[in-house]
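Sequence lines set the chain letters: A, B, ... in the order given, protein chains first and strands last, and positions in each chain run from 1.
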Amino acid sequence: MTDPVFGPAPEQAADPELVQLLTPEGERVHHPAFDLDFSADQLRGFYRDMVLVRRLDIEATALQRHGELGLWAQLLGQEAAQIGAGRALRPQDFVFPTYREHGVAWCRGVDPVQLLGLFRGVDQGSWDPNEHNFALYTIVIGAQTLHATGYAMGVQRDGAVGTGDPDRDTAVVAHFGDGASSQGDVNEAFVFAASYNAPVVFFCQNNQWAISEPFERQSRIPLYRRAHGFGFPGVRVDGNDVLATYAVMQAALQRAREGQGPTFVEAYTYRMGAHTTTDDPTRYRLSNDVERWKLKDPIARVEAYLRRNGLADDAFVAEVAQEADVLGERMRRECHALPDPAPRDIFSRVHVEQTPELAAQQAAYDAWVASFEEVG
Amino acid sequence: MTDPVFGPAPEQAADPELVQLLTPEGERVHHPAFDLDFSADQLRGFYRDMVLVRRLDIEATALQRHGELGLWAQLLGQEAAQIGAGRALRPQDFVFPTYREHGVAWCRGVDPVQLLGLFRGVDQGSWDPNEHNFALYTIVIGAQTLHATGYAMGVQRDGAVGTGDPDRDTAVVAHFGDGASSQGDVNEAFVFAASYNAPVVFFCQNNQWAISEPFERQSRIPLYRRAHGFGFPGVRVDGNDVLATYAVMQAALQRAREGQGPTFVEAYTYRMGAHTTTDDPTRYRLSNDVERWKLKDPIARVEAYLRRNGLADDAFVAEVAQEADVLGERMRRECHALPDPAPRDIFSRVHVEQTPELAAQQAAYDAWVASFEEVG
Amino acid sequence: MTTMTLAKALNAGLRKAMEDDDKVLVMGEDVGTLGGVFRITDGLQKDFGEDRVIDTPLAESGIVGTAVGLAMRGYRPVVEIQFDGFVYPAYDQIVCQVAKLHFRSQGRVHVPMVIRIPFGGGIGAVEHHSESPEAQFVHTPGLKVVACSNPADAYAMIQQAIHSDDPVVFLEPKRLYHSAKADVDESAPPAPLWQSRVVRPGSDVTLVGYGPTVSTCLDAATVAAEEGRSVEVIDLRTLSPLDLVPVQESVRRTGRLVVVHEAHVTLGVGAEVAARVTEECFHSLEAPVLRVGGYDTPYPPARIEDAFLPDLDRVLDAVDRTFAY
Amino acid sequence: MTTMTLAKALNAGLRKAMEDDDKVLVMGEDVGTLGGVFRITDGLQKDFGEDRVIDTPLAESGIVGTAVGLAMRGYRPVVEIQFDGFVYPAYDQIVCQVAKLHFRSQGRVHVPMVIRIPFGGGIGAVEHHSESPEAQFVHTPGLKVVACSNPADAYAMIQQAIHSDDPVVFLEPKRLYHSAKADVDESAPPAPLWQSRVVRPGSDVTLVGYGPTVSTCLDAATVAAEEGRSVEVIDLRTLSPLDLVPVQESVRRTGRLVVVHEAHVTLGVGAEVAARVTEECFHSLEAPVLRVGGYDTPYPPARIEDAFLPDLDRVLDAVDRTFAY
Ligand SMILES: Cc1ncc(C[n+]2csc(CCOP(=O)(O)OP(=O)(O)O)c2C)c(N)n1
Ligand SMILES: Cc1ncc(C[n+]2csc(CCOP(=O)(O)OP(=O)(O)O)c2C)c(N)n1
Ligand SMILES: [Mg+2]
Ligand SMILES: [Mg+2]
C-alpha cells in the first residue's frame, strides 16, 4: 500500500497534512513529494482561467437574479481547486462532474453558455460528453462516482492504462463534495475502484458545507483518510492553492494512467457563496468564517506571486479583466437567446428506438397543439 | 481518536494484528490490551455453548436434507465468533443479526426450534425481538446495520449510555459479513454511527467468502481498517478463538455503553460449510483451504485447554454430548410439528390498523375457501 | 382560526405533534438549523433541541434505515426527504424493511414512522426536483400513502400520520407550499385520515385528483360550470388505502370519470382507479375512465414543464372526451 | 434444434451474444467461477475470461452504477441481479440514471445495458427471493421491460435485449429455469422483441399473462376447453413498451379479458392493461377487465405461497366471473 509519491497512509491520530505550494500571501513554498516547476505562461494561464471562471460564475449568478436562470450553483472560492484539477487533465482523460464544476467544464472546452441551459431550464445538459470527455452534470448526490469507476473499468478493458504511451494511457476523475462522501454510492465506488484497481481519481472538494450542514456532520476525521479504510492513498491539498492542486492531481492522474489504481484527493476549500441562489447561508453560518476564508482567496495569491516576481503587470491584469468583460457580455447576450426546447421533442428522446406508445403520445400531442392553432 | 484500549489505528502498511488468547493447539496466550481471567465455569460454558450450537446447526442441515426445511444457512466453523460475541452481551443490549447468527440467537435465549420457521417457510422470524433483545434475521445484505445504528441513537436519546449503571447502559450490535462490507448501507451505518458517536458495535464475521466470492473481491486490506477511514477504532480478532472474541467484544461493548461510540470488530474466521444448503462450494474453492482451517477448529482448542488444565474430563464431554443429542432429538420432533400459517392471516398482519382493502381481500379469500368446502 | 400557507400548516402540525408526544423526532438533511430547504421544520430545532430535530449526514438510505432503528426503540421518527427525486437511494429500506417489518414479525414489530416527501412539479426546478413517485409506494404492501392538497388538511393529516402506528408516506404538493393559503381551525375535529372527500359536488362527470392536481380539478369544474356542465370533484387524500367509496358513489350518478395526476400516466395511480372503478361500476359507466397525467417521458426541462403537466385545458379536454362515447 | 431448459437457453443466448460482440460483458455477484446461483452464466468466465465475466463486490448500486460507466465507455454490460428482492439497492441508479441518461443528454449518451432479474415465486424460497418488481420499472419512462416465458423466447430475447441500444430490464421466470424444457431452433429468425403474441387462439374470453403466468393461463385454457369454453391466451412478452395490439384485437372478438400476474394486484401491470383496453375497446367489453394477481400483502412464507400466487382455480374463477356480467 505504500506509494512512492503518496507514501504510507498517515496515522489516524496525526495532524492532517495539507499540501501547499503557494501560501495565501502568495509565497512559493516547497513540498517534498508534490513539487513542480511552473513556467510563467502556466502561472499566467492559471490566473487567467481563475479570473474568467470567477466571472462566469458571477455572471451566471447575476443572470439568475435577473430571472434569466431558475437557479445557479456558485463555485465562488473553489476556482483554484477546479482549475488545478482541470488543467492537470490530458485530452483522453474523462471527467464526471457534480453540478458545480463550472471551472472544470471550462478546462474541458465546454462553452460557458452551454452550462446555463440546465439552470435556465431549457435542457438537462447541452454539451456532448464524448466531445469534451466531460460527462453531464449529475444532481443526484454521488451517483456519478460509480459511473466514473465503471468508465475506468472500461478504460482498463480497452488496454488504455500502463502502456507508457502518454497519448493513450487514460485516467478518469470523479468529482464530489464533502456531503456526498456520506452516500452509499460513493463508498461503493471506493470498493469497486479498490477491488479492480481502477484508474480513477476521486476528487472531493471539501468546501466545508453540504447546504447548511457543516463538514463535521459527515465525518469526524479529515476526509482524505476515508481512502485508507478502503486500501488506497488519500491526500489533502490546499484547494485554494491552484499550484498545489495541480501538482497533486497531476501525480494522482499519472498513478491512474500507469495502472497503479485509485487515489483520493481532498481539496480543502470553502464555499464562499450560498449553496445555490435559493439558499440563505446567513441562517446557518457565521460571516466571520467567510471573512477568514476571504484571506485565503485563490486568485489573490496567484496575482501577488505573479506581480512580486515580475511575471505579470497591470497591463496583463487589465487584459484579463477585459477578456472577462467580453465573456460576461457574451454570456448575457447568448443566455437570452437560448431557445426553449420543443415540447414535442421530449417524446422522441426517451429511447434510441422510439416506442409505439411514445409515438402515439407524440402524435396526440401534435394534434392537441394543432387543435389550438385551428381555433386561434 | 486514540483509544486507551484499542489504541491508535494501525498503520496501513503494517501487518494486521490478530488478537488471540487461545491458540489452535489450545494454549493460553496473553495480549497486552485484551486480556481477561476466565473462570472454569465460564470456559466450560463456552464449550457447552459451542457444542450445542454446532449440533443445532448440524441438525438443521440434516432437516434440510430430509426436506423438512427449504434452506439452511450453516454456521459451521463460526461457533467461537458467535458465542464469544453473544456471551459478552448484557441483557439490556440489543442485537441485529444477519441470517446466520444461530449462535448469537442461542445466547439471547431464542429457542433453536424458533430459528427453523424462516427456513421451513412457515414464518419469517418467529421470536419476539423485544423479548430477546434480538431482532429478526435480515436477509437483504447490510440493511440491519442501519437499524442497529438508529436503535443505538434511540439508546442515546433514552439516556441509556454513560450513566455508569451497569444495568442501564446499553450497547447495540450490528452483525454482518465480509461481503456485506461492500454495501452502501453498511458504509452509511459507519457514517451515522461516527457522526453521532452512537453506542453500536459493528461485528463482522469475515468468514472469507460471500457465497463464491473470496474476501479479496470486497477489500484489498484487512477489513477492520475500514473503520479507520470513518474515524473509529477497528480491531481484528481470531474469530475461531472464543476467549479472544469474548474479550474483544466485551471491551467494545463497554466502550459503547460508556458513551465512547462505535467500534468495528472483525472476527477472522472461516465458513467451513457451504454458503447455504443449496450451494456447492466445490465449484469455487479448494478443499485444501478447508482442511487447513479444520486445524483451527474453535471447539477442539477449548476442549484441549479444558482437558489439559483438568477443567473437564470425559464425563463432562459426554454429558454435553448427551445434552446435544437431546437437543437434536427435540429439534427434529418439534420441527415436524411446526404448524403452517393460516393463509387468511396474511391479510391482517400487513398493518397495525387493517385497511378496508385488505379486509375485503380477506373476506373474499374466506369466501373463496368456503366455496370449496361447500363443493367438497 | 389562523390563516396559514400549506408550508406553515405543516410546520404547525409538526410542532403540535412534537409537543403532544416527546417520542416524535424529526430528521433529515438540513431540517435543523436551516429549517429545511422549504422551511417546513423552521424553528423546531431551536425549540425541541438537536436530539429531537436531527440534521443527518447526506444519505437517504441511512436516514430511513436509522429511522427504522429509532422506531424499533420506541420513537416516532418523521423523516424528511429533501425532494421527491432523492427518495430512491432509500428505496430498499422503504420497500423491503419499513413496509415489511410488521408483517414479517407477525405483528410484533411496529414501525410508526412518517416519510415526508415534497412532490410534484411546476416550480421551475432543475431535474430530479419535480417527480411524482407515489405509484411505486402504493404498489408496495405495508406502506400507507397519503397526499394533502390544502393547509387545513396539511395541518391535520401530518398529525394523524404521525399518530398512526403504521408507516406512512406523506406527500406534500411542494408547488402549493407557499401559494396555497387558507384559514385553519386548529381546534376543529379532523376528518378521518383514510378517506377521500368530495370537495365540490356535481352531477355530470366526476373529476378525481390529489395533492397538486386538486386545484386544477376545481378550476376545471369552475370553467365547465360556465359551459353548463356540472362537475363533481373528489380529493383522494389517501392513495393507500385507496378510498374509492365516494368515487364509486359519484360515478354511479355521473357515469363519467376522469383521474388527474402529475405522475406518468402508465401505471400511475389513475390506472388503479380506472381498473377498480370499472370493475365496481361497470354498468354505470357511460364512457371509459380517462386519465390525464404526466406523459411517459422523463420530467422535461422546466421551460416546458407546463406542456408536460396536466393543466386546465387537458383536463377539460378529457372531460369533453368522456361525453363523446 | 436443441432441447433446452429455460436456464440453458439463457446461457446459450448469452454465450452467443458474447461471441457476436466482444463489447458484451456479464457482471454481477457470483456470475464468474460459480456461474451464478442459478447457473445462467455457467462456463462463461472460463471461456471469455475475467475481464468479460466480472464477479463484482456485493453491492447492487455499485454493479448497476459501474455498468453505466462501462456502457458510456462503449461496452454492453449484462448485469445479473441475483434475486428480484435485491434489485432495490440499485433502484436509484436504475430509475434516475440508467433510465434518464439518453433523455437528459438529448440522445447523445447511449446506455445499452441489460439488467437481468430472476423474478417471481413458487420455488419455496425464503423472503425477498420471490418478488415481482416489474410494475415499478414499467412506470419509469426510459426503461424497456420484457419477460420471457419459455426456452425459445429466452434464447432469442436475451440476445435481442443485448442488441438493443436502449436499457432493458429483462425478467426471467426463475420458477421455470429448470422445469421448462423445449426444442430451441437456434437458427430460426426471432420474433420481434417488442411484440406480444397469441400463444393459443380462442374466441370466448381472452387471458393475458407474462413470464411464469403464461403456463398457468395455458393450463386454464385447457381446462376451460373441456368445459366448452374457448380461451385465447396471450403472452405479453414486452411490458414496456406494452404491446396491447393483439390483446385489443382479441377483446374485440371475445368481449372478455382477464389479466394474470404474480405481482400485487394494486397497480400491477394488470391495472394498466385494464385501463388501456377499457379505453380502447369500451364498447366491445361485455364485462370489466378482471385481474388475478398476488394479494396486496407482502409475499408470504413459502408454505403458503400457493395460496398467494394466482393458480389455475383463481384464473378459472375469474374467467367464470367475466361471464357473470
Ligand atoms: C441523493 C440526493 N440527496 C439530496 C440532494 C439535495 N442536495 C443537493 S446539493 C446537496 C448538498 C451537497 O453537498 P456536497 O456534497 O458537500 O457538495 P456541494 O454542494 O458543497 O458542492 C444536497 C443535500 C441531492 N441532490 N441528491
Ligand atoms: C442486497 C442483497 N444482495 C444479494 C443477496 C444474496 N446473498 C445472500 S448471502 C450473500 C453473500 C453474503 O456474504 P457475507 O456478507 O460475507 O455473509 P456470509 O454469507 O458469508 O455470512 C449474497 C450475495 C442478498 N441477500 N441481499
Ligand atoms: Mg460541500
Ligand atoms: Mg462471508
Closest contact, heavy atoms only, B:Q361 versus D:Y295: OE1-CB, 3.4 Å

Ion pair check, B:R283 and D:D42, cut-off under 4.0 Å: yes

Any side-chain heavy-atom pair of D:I304 and B:R344 under 4.5 Å: no

Exceeds 12 heavy-atom contacts within 6.0 angstrom, atom CD of D:E50: no

Region of B:L358 that comes under 4.5 Å of a non-hydrogen atom in chain D: side chain

Heavy-atom contacts under 4.5 Å, residues 60-77 of chain B to chain D: B:E68, B:L71

Residue selection (most heavy-atom pairs with chain D, distance under 4.5 Å) from B:R120, B:H351, B:H275: B:R120

Interface moiety of B:Y137 toward chain D, non-hydrogen atoms closer than 4.5 Å: backbone

Option in B:F347, B:W368, B:Y284 with maximal non-hydrogen atom pairs under 4.5 Å from chain D: B:W368

Chi angles and distances behind the side-chain contact (heavy atoms from CB on, under 4.5 Å) call for B:E213, D:L58: CA-CA 9 Å; B:E213 303 206 12; D:L58 205 178; over 6 Å; no

B:D279 portion near chain D, given a 4.5 angstrom heavy-atom threshold: side chain

Chain B neighbours within residues 27-36 of chain D, where any heavy atom lies under 4.5 Å away: D:G28, D:E29, D:D30, D:T33, D:L34

CA sep, side-chain torsions, deciding dist, call: B:D280, D:R39, side-chain contact (heavy atoms from CB on, under 4.5 Å): CA-CA 11 Å; B:D280 173 9; D:R39 309 291 185 267; 4.2 Å; yes

Winner by heavy-atom pair count (cut-off under 4.5 Å) against chain B, out of D:A125, D:G62, D:P57, D:A302: D:P57

Interchain contact, B:A180 with chain D, by part (heavy-atom threshold 4.5 Å): backbone

Region of D:T297 that comes under 4.5 Å of a non-hydrogen atom in chain B: both

Under 4.5 Å from any heavy atom of chain D - which part of B:I141: side chain

Verdict with reasoning, D:E127 to B:L118, per side-chain contact (heavy atoms from CB on, under 4.5 Å): CA-CA 8 Å; D:E127 44 180 358; B:L118 173 71; 3.8 Å; yes

Heavy-atom pair with the smallest gap, counting every atom of D:R303 and B:P341: CB-CD, 4.4 Å

Distance-minimising heavy-atom pair for D:A59 and B:S182: CB-O, 3.4 Å

Winner by heavy-atom pair count (cut-off under 4.5 Å) against chain B, out of D:T56, D:V265, D:V37: D:T56

Contact leader toward chain D among B:F119, B:Y99, B:Y365, where contacts are heavy-atom pairs under 4.5 Å: B:Y365

Residues 77-97 of chain D: residues contacting chain B (heavy atom under 4.5 Å, by number): D:Q82, D:F86, D:P89

Largest heavy-atom contact set with chain B, pairs under 4.5 Å, which of D:D313, D:I123, D:T266: D:D313

Residues from residues 314-325 of chain D approaching chain B under 4.5 Å (heavy atoms): D:R314, D:D317

